[in-house]
There are 2 protein chains.
Amino acid sequence: MENPHLDPIFHLLLNGPPRSAREIEARVGLSRVTAAQRIRQLQQGGLIVEGESFASGGGRPARSWRVNPHHRNLIGIDVGEQMARVTLLNLALEPLEDALAEIDLRDDPARTLETLAACAERLARGSMASAPVAGLGIALPAPIDYPQGRIAKPSVMYGWERLDLRNLLRTRLEMPVAMDNDVNLMCLAEQQLHWPDTRHLVFIKAGTGIGCGMITDGHLLRGAFGTSGDIGHIQHSPEPHQLCRCGKQGCIEAHAAGWALARDLQAQGFDCRDAREVMQIYARGTPECRALVNASSRIIGTVAADLVAVLNPEVLVVGGTLSGAGEAMLAGIRERVYQRCLPLATERLQVACARGGDRLGVLGAGMLARARLSEPR
Amino acid sequence: MENPHLDPIFHLLLNGPPRSAREIEARVGLSRVTAAQRIRQLQQGGLIVEGESFASGGGRPARSWRVNPHHRNLIGIDVGEQMARVTLLNLALEPLEDALAEIDLRDDPARTLETLAACAERLARGSMASAPVAGLGIALPAPIDYPQGRIAKPSVMYGWERLDLRNLLRTRLEMPVAMDNDVNLMCLAEQQLHWPDTRHLVFIKAGTGIGCGMITDGHLLRGAFGTSGDIGHIQHSPEPHQLCRCGKQGCIEAHAAGWALARDLQAQGFDCRDAREVMQIYARGTPECRALVNASSRIIGTVAADLVAVLNPEVLVVGGTLSGAGEAMLAGIRERVYQRCLPLATERLQVACARGGDRLGVLGAGMLARARLSEPR
DNA sequence: ATAGTTTTGCATATTGCTTATCTTAAGTAG
DNA sequence: CTACTTAAGATAAGCAATATGCAAAACTAT
């Protein structure tokens, strides 16, 4: 799916349930002998282990194969504007150890990078007791030139585009490093973990900022220069327009993002600085906050409707801090989508909240690192 | 690119310039012997012929290989609301014979289909003098369930969804038949013919209706149920809202599509019924019409800006009847795109008019048929 | 004419995968 | 217990692609 060079059997088992040899043959399109031979190789290499046998269907029950989650570990890093999460994961992407680092993307990039690297190094050393770390993935809140493995342009990461982040981390930590945009990776993680059979999925992240990731035909859509999914600065219709942090007027971020809601709550006398605090106030049932979240969900819904019309996904997932509002956030989005899109596009559309929680970013990052695992060479 | 089952060498030569055996080996990743063997097979089958030798670079000059355009012919059908174009094409997609059929999609589908089939049959018989027809492609103004090869839902093609169009044509004409949405095929044709190295392209069709096709990572984006690119009914901001033919208020079609401009010109006393007549009045330099086209281009520009933000294409192409306004149409689109999108997404973006003219639809349809040509089995 | 360069064709051995057949293993249904 | 079913292992024959080496062909440069 994401990486064509990956050993197809290992890939299949990494991203799916345990399977019998017969299923594997059918899915990867190999003959029985070859599949059996490869399965044995993977088993001998410790990459996969035998799982529970399937129930018999009248004959000998099939053995099942699954990845050995303890064969290697991975490190996922999710870089936010004020915080980074660094997580040690096993091959099944189960978190083994978490570390949160307070950072500030406006600081000197070299210093922040050192904080992250030190954090990852500590986790890697701790990992040696169970399994060596096979790779690191890093999710960044910036457009990424994916083929080049570089930050495409500053955005909120001023000065970072000059750093060859991937190579610096690779030589420092002595492991393969992969990087991508954070929303893309959240989208990937949500799809792989919760919607494995969905080939067309749109993921909207509504947090401090607003962005989206798209999977079409099973592939993450990255765009020509890594700026795809930049929906935060799409123009919003109803006046009066608010000034956006990008300098323009009336971007949906300026009306519906976490920072905008915090601004509006402050103006109403609340002590509120970011999306997280918006959700805390929301959780208390504060009417002013509920009204703001409802309005926000409808604004996000207008853009969601456009995305549905253009991309025709099967599933629309809403994640990010504001998705903590749950059904309230979905209601406004559903309202606008069903109002504005043609029935053919919506009659089989599912709209849901992300289920990955705070860890979606590191999970996606780990997934990216994992996908690189059995590349040739 | 479009069809993974296609013989890679034939595919390469179909969609590119003549190439030497060495180039072919490198591009398709085959060894010298295998490539040579396959090239010989293709040559013996008459599918490719030797072209001019390349200039020598100090050694023996390389022979070049190109498709034999006269080996087979293809038929492309582009079905419009009031007219269908049926064109006989050779393998280089050069038009050999054109036929226009007056139809009405609101008529009995079986009768219209018979008109089209008879037309195609006549062209196929005429083709026998030069080469047999290897396949037929058909472009339809409706959402297509591409994997199933069926019309997904009525749209403007009332009653057609009950017909198994592909099989009816296949048995009637005794040739393989492929079908897709007309805008998708126009997008494909424009990209393959004029932007062969562009992997991320958005094609906006502004004609009687408004729609778009998208190529991302070199693949046509069809969506989950074939309704992708349905931008005509995206909501337009400025009031007052016009009633759209879909029954909703304020769709961009109702303000910017050919039928809406014709309606507005009629209201101003002009004799104007469709997009084509709008362009005729426009060509006379009529100020009222110029004003309407300018307004239309800016409305289309707002949606184009959203598409650029979401998909981050390298190239944005505008086609359809209204693109006959040329730079005037581009100006409004560029204005809105540069105004609304972030520089990173637009600094390397090209905005241009489609160069395929009226034949883009049949060319795309022929391309689809051609892509099926050397599928296995 | 001679040497050097690059393309092309041909022969051979090897690798990787497939197809096919037979046998053993481990369950269910009666 | 017997018959049937499905899974799985082992083995052999065959095919397609690959790497490799060598020779002929067709050009350039001197």
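To find a chain, count down the sequence lines: A is the first, B the second, and so on, and within it residues start at 1.
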| note | Taking D:dA8, D:dA26, C:dG9 as options, the one with an atom nearest any side-chain atom of B:Pro61 is D:dA26

| Base, sugar-phosphate, or nothing: which does B:Ala21 touch, judged by heavy atoms less than 4.0 Å apart? | sugar-phosphate

| query | Checking salt bridge (charged side-chain N to carboxylate O under 4.0 Å, His left out) for the pair B:Arg222/A:Asp217: CA distance, chi angles, key distance, verdict? | reply | CA-CA 8 Å; B:Arg222 292 197 172 90; A:Asp217 255 325; over 6 Å; no

| said: Nearest whole Å is fine: how far is D:dA7 P from A:Trp65 CH2? | reply: 15 Å

| query | Of all the choices, D:dA17, D:dA8, C:dT8, which nucleotide is nearest to the side chain of B:Arg32 once you look at every atom? | reply | C:dT8

| query | Given C:dT8, D:dA17, C:dA25, which nucleotide is nearest the side-chain atoms of B:Ala62? | reply | C:dT8

| Between atom CD in A:Glu50 and atom P in D:dA7, what is the gap in whole Å? | 15 Å

| message | What is the distance, to the nearest angstrom, from the CD atom on B:Gln37 to the C1' atom on C:dT12? | response | 15 Å

| request: Could you tell me the separation between the CD atom of A:Gln41 and the P atom of C:dC17, rounded to a whole number of Å? | output: 9 Å

| field | Interatomic distance where CD belongs to B:Glu25 and P belongs to D:dT20 [whole Å] | value | 14 Å

| query | Of B:Ala36 and A:Gly59, whose closest DNA chain C nucleotide lies nearer the 5' terminus? | reply | B:Ala36

| request: Answer yes or no: does a side-chain N or O of B:Arg38 lie under 4.0 Å from OP1 or OP2 of D:dA17? | output: yes

| Do you know the tightest heavy-atom contact between A:Ala120 and A:Leu136? | CB-CD1, 4.0 Å

| query | B:Asn181 and B:Pro143: which non-hydrogen atoms are nearest, and at how many Å? | reply | ND2-N, 4.3 Å

| said: Rounded to whole Å, please give me the gap between CZ in A:Arg60 and C1' in D:dA3. | reply: 19 Å

| message | Expressed as a whole number of angstroms, how long is the span from A:Leu30:CG to C:dG16:P? | response | 14 Å

| said: Can you see if the side chain of A:Ser31 gets near the phosphate of C:dT18 - specifically, an N or O under 4.0 Å from OP1 or OP2? | reply: yes

| For the pair made of CD1 in B:Ile24 and C1' in C:dT8, what is the distance, rounded to whole Å? | 13 Å

| C:dT7 phosphate, OP1 or OP2, under 4.0 Å from B:Arg22 side-chain N/O | yes

| said: Checking the side chain of B:Asp145 only, and the main-chain atoms of B:Arg150 only, is there a donor and an acceptor separated by less than 3.5 Å? | reply: no

| request: Classify the nucleic acid contact of A:Arg63 as base, sugar-phosphate or nothing, counting any heavy atom under 4.0 Å across all strands shown. | output: sugar-phosphate

| Should the pair A:Arg63 and A:Phe54 be classed as cation-pi, given the thresholds of under 6.0 Å to the six-membered ring centre and 45° from the axis? | no

